Amino acid sequence: METTQLPTYDPTAHADPSAPAPSRQGEHRGPLKRIGGWFAAAAVLIANVLAKLKGILLLLPKLKLLSTSGTMLVSIAAYSLFWGWTFALGFVLLLFVHEMGHVIELRRQGIRASAPMFIPFLGAVVAMKEMPENALNEAKVGLAGPVLGTIGAFACLGIYGLADNPFFRDLAFIGFFLNLFNLLPVLPLDGGRAMAALSPVIWLVGFGLLVAIAILYPNPIMILIAVFGGMETWRRWRGRNDPETQRYHEVSGRGRLSVAAVYLGLAAVLALGMDLSFVSRTIN
């Protein structure tokens, strides 16, 4: 490993009584010289660290381990500031199960996609390398996440029933809520992708609901989702009459019915799950 020898200042260097006494001019310039030496040492150290850091940064994109595991750890650390590390770990694992639903369906359709990337306080995301073949396939990708996420939440509820540990009941509740929220029919949420197979008009309804929630329960995350949702909804709405877009949204009646049935059935199951895991608390 390359090392750099840094200049140091020894306060005992002039402690030898046999050494000649320094002149007054030397006494005046000594501290300035020492300060200059420290700055020079700091500059050399920083340059050395930056040189090594540059190599590390070039290596980071090749370390696939950091794409999922690293962002998971960052999210767990962030959520643990509010919930403690055990609940933060459980919550991030529920997010992971949800995102894997998307990944499994994308790979089933032969679409290349990234591993889940976690963003603290915003959830997680899977980047598609290409769009699905049509709106029906996009709806399947959108619904696959909440479907697997719902199974994960019910698994937590089942563990609570067996172990009688309220930790898993609380985890189940947040899992049901997370997946139900993602069913809001507005882009870029999963419900918005499901509605691509039905009617673009529903996007406007979903965006109105999202704005209403952001007004009733204002917080930076809701506002951010509303902004991105509005931009994506407007982009798709503006191009709705494009011939290629119209072909993309050509879905058979049977396909529309199946998407509507899964969507409504999933919403009902999630609402039931929230009711089963809800605990009323009073704050003194």
Side-chain angles (χ1 to χ4, degrees), residues 67-68 95-119 122-152 178-211 224-271:
S67 63
T68 297
L95 283 175
F96 178 76
V97 170
H98 174 105
E99 294 301 322
M100 285 307 298
H102 298 310
V103 172
I104 292 171
E105 177 59 25
L106 284 168
R107 291 181 178 176
R108 192 191 70 81
Q109 294 183 22
I111 298 174
R112 294 179 301 131
S114 70
M117 299 284 290
F118 293 83
I119 308 171
L122 287 177
V125 64
V126 172
M128 295 185 293
K129 307 299 183 181
E130 56 186 303
M131 285 294 291
E133 184 178 349
N134 51 51
L136 180 59
N137 285 349
E138 183 181 359
K140 292 177 180 178
V141 172
L143 291 173
V147 167
L148 197 59
T150 300
I151 294 173
L178 166 72
N179 288 281
L180 186 60
F181 176 80
N182 267 279
L183 283 182
L184 277 175
V186 60
L187 295 165
L189 300 179
D190 298 332
R193 295 195 178 280
M195 291 305 104
L198 299 182
S199 171
V201 176
I202 303 179
W203 288 334
L204 301 179
V205 177
F207 181 69
L209 290 173
L210 187 62
V211 170
L224 189 63
I225 293 174
V227 169
F228 280 109
M231 292 169 59
E232 181 65 12
T233 300
W234 172 246
R235 185 187 69 81
R236 292 210 186 189
W237 177 261
R238 187 176 56 182
R240 69 190 185 282
N241 293 323
D242 180 75
E244 185 176 348
T245 302
Q246 290 180 341
R247 285 194 299 272
Y248 180 81
H249 287 91
E250 286 180 357
V251 179
S252 66
R254 181 178 179 181
R256 294 179 189 273
L257 183 61
S258 63
V259 169
V262 172
Y263 180 87
L264 295 175
L266 192 57
V269 169
L270 287 167

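Because only heavy atoms are used, hydrogens play no part in the values below, and waters and symmetry mates are left out as well, while side chains stay in. Predicted model, so just to flag it, every value in this text is computed and none were measured.
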Please name the pair of heavy atoms, one in [X] and one in [Y], separated by the smallest distance, quoted to 0.1 Å.
{"X": "A197", "Y": "A139", "result": "CB-CB, 3.8 Å"}
{"X": "R256", "Y": "V251", "result": "NE-O, 3.2 Å"}
{"X": "V141", "Y": "P132", "result": "CG2-CG, 4.4 Å"}
{"X": "V126", "Y": "A113", "result": "CG1-CB, 3.9 Å"}
{"X": "G152", "Y": "V97", "result": "CA-CG1, 4.5 Å"}
{"X": "M100", "Y": "P116", "result": "SD-CG, 4.1 Å"}

With salt bridge (Lys or Arg N to Asp or Glu O under 4.0 Å) as the rule and sequence neighbours excluded, what pairs involving [range] come up?
{"range": "residues 261-271", "result": "none"}
{"range": "residues 185-197", "result": "E138-R193"}
{"range": "residues 128-137", "result": "none"}
{"range": "residues 102-119", "result": "E105-R108"}

With sequence neighbours left out, write down each residue that passes side chain to side chain contact (heavy atoms under 4.5 Å, CB included) with I119, or none if nothing qualifies.
-> L122, V125
Could you give the distance from OG (S114) to NE2 (H102), rounded to the nearest 0.5 Å?
-> 11.5 Å
Under 3.5 Å, which donor-acceptor pairs link side chains of residues 258-271 to any protein atom two or more places apart or in another chain?
residue, atom, partner, partner atom, Å
S258, OG, R254, O, 3.4
S258, OG, G255, O, 2.7
Y263, OH, L183, O, 2.4

L95 side chain near L178 side chain, heavy-atom distance below 4.5 Å | yes
For N137, does its backbone N or O pair with a side-chain atom of Q109 as donor and acceptor, under 3.5 Å?
-> yes
Are more than 12 heavy atoms from other residues, nucleotides or ligands located less than 6.0 Å from atom CE of M131?
-> yes
